[in-house]
Amino acid sequence: MSDPIHIEELEIFTCIGVPEKERSTPQRLTVSITLWPKQDSRDLGDQIDKTVNYSAVAEEAKSFARDQSVNLIETLADRLAMHLLGKFAIQAVRVELRKFVLQDAKYVSVTLTRTAWVN
């Protein structure tokens, strides 16, 4: 596997929650994304067009989340991971999604890893 690229605690906004009232207004969440490009970092030749542009990944994650309305953080994390796999030249992605909903806890999170199908 290639060397990973990591985005830590990207701020996103989405409508999420089991009660309809909770989903009625976008909530602030953070997402950490680790991705493994298909291209090995030793073969990049210091050329941005040969790698995965992490700025584009961040913007895509924010845009994707903004367009969602789901009950569970597990659902959003899975959909985001699968979307990124389909959109960028990556072989695997790990997504940690944090929701700040419990008064007595810093956050609730889900972490998952998805890989691209090998043909």
Side-chain angles (χ1 to χ4, degrees):
M1 215 181 275
S2 63
D3 299 321
I5 297 171
H6 184 72
I7 301 169
E8 182 73 20
E9 293 187 27
L10 178 68
E11 215 174 65
I12 61 173
F13 292 86
T14 193
C15 294
I16 191 165
V18 174
E20 189 175 326
K21 182 180 177 187
E22 191 179 356
R23 283 190 319 276
S24 67
T25 306
Q27 296 180 51
R28 176 188 169 272
L29 288 79
T30 63
V31 63
S32 295
I33 303 167
T34 304
L35 51 93
W36 288 266
K38 290 181 178 175
Q39 185 76 31
D40 190 297
S41 60
R42 293 173 291 194
D43 300 329
L44 298 178
D46 203 32
Q47 303 294 316
I48 186 70
D49 59 325
K50 292 185 177 181
T51 190
V52 177
N53 184 330
Y54 54 79
S55 180
V57 171
E59 289 306 312
E60 188 65 30
K62 290 192 290 187
S63 175
F64 181 83
R66 192 172 30 250
D67 293 339
Q68 300 297 303
S69 180
V70 297
N71 294 336
L72 306 175
I73 59 174
E74 296 90 338
T75 302
L76 181 59
D78 179 66
R79 287 181 183 177
L80 176 59
M82 297 307 291
H83 177 73
L84 295 175
L85 279 171
K87 182 88 176 171
F88 296 97
I90 57 178
Q91 56 186 323
V93 62
R94 178 175 300 129
V95 172
E96 179 191 23
L97 194 59
R98 294 179 179 182
K99 184 178 178 186
F100 309 93
V101 66
L102 295 179
Q103 195 171 26
D104 298 332
K106 191 171 182 179
Y107 58 84
V108 176
S109 71
V110 63
T111 303
L112 54 81
T113 303
R114 298 293 182 262
T115 57
W117 290 99
V118 178
N119 294 331

Given Arg94, which of Thr111, Thr34, Thr113 fulfils the side chain to side chain donor-acceptor pair (under 3.5 Å) condition?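 Single pass found, and it is Thr113.
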
Looking only at non-hydrogen atoms, find the nearest pair between [X] and [Y] and report the distance.
X      : Y      : answer
Thr115 : Ala92  : CG2-CB, 3.8 Å
Asp3   : Trp36  : C-CD1, 4.3 Å
Ile73  : Val110 : O-CG1, 3.7 Å
Leu112 : Ala81  : CD1-CB, 3.8 Å
Pro26  : Cys15  : N-SG, 3.8 Å
Arg23  : Gly17  : NH1-O, 2.8 Å

Worked verdict on Phe88 versus Val57 for side chain to side chain contact (heavy atoms under 4.5 Å, CB included): CA-CA 8 Å; Phe88 296 97; Val57 171; 4.0 Å; yes

Rounded to the nearest 0.5 Å, what separates atom [atom1] in [X] from atom [atom2] in [Y]?
X      : Y     : atom1 : atom2 : value
Ser109 : Glu96 : OG    : CD    : 4.5 Å
Leu72  : Lys99 : CG    : NZ    : 8.5 Å
Ile7   : Thr30 : CD1   : OG1   : 12.5 Å
Leu76  : Asn71 : CG    : CG    : 11.5 Å
Phe13  : Thr25 : CZ    : OG1   : 12.5 Å

Walk me through whether Ile12 and Leu97 qualify under side chain to side chain contact (heavy atoms under 4.5 Å, CB included). CA-CA 10 Å; Ile12 61 173; Leu97 194 59; 3.7 Å; yes

If you look only at pairs with a residue in residues 61-83, which of them pass as a ring-ring contact (aromatic ring centres under 6.0 Å, His included), with sequence neighbours excluded?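 Output for this query lists Phe64-His83.
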
With the side chain counted from C-beta on, respond yes when Val101 and Glu22 share a heavy-atom pair under 4.5 Å apart, and no when they do not.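 In short, these two side chains touch, coming nearer than 4.5 Å.
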
I'd like to check Ile16 versus Leu29 (side-chain heavy atoms, cut-off strictly below 4.5 Å). Are they in contact?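 Counting from C-beta outward, Ile16 and Leu29 do come under 4.5 Å.
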
Over 12 foreign heavy atoms within 6.0 Å of CD, Glu20: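 Atom CD in Glu20 is not packed in, count stays at 12 or less.
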
[X] side chain to [Y] backbone, donor-acceptor under 3.5 Å:
X     : Y     : answer
Ser63 : Glu60 : no
Ser32 : Glu9  : yes
Gln91 : Pro37 : yes

Do the side chains of Met82 and Ile90 join up, straight or via other hydrophobic residues, at under 4.5 Å, putting them in one cluster?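 Same cluster: Met82 reaches Ile90 through Ile, Leu, Val, Met, Phe, Trp or Tyr contacts under 4.5 Å.
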
Answer yes if Val108 and Val95 sit in the same cluster of Ile, Leu, Val, Met, Phe, Trp and Tyr residues linked by side chain heavy atoms under 4.5 Å apart, and no otherwise.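 Looking at the clustering, Val95 is in the same group as Val108.
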
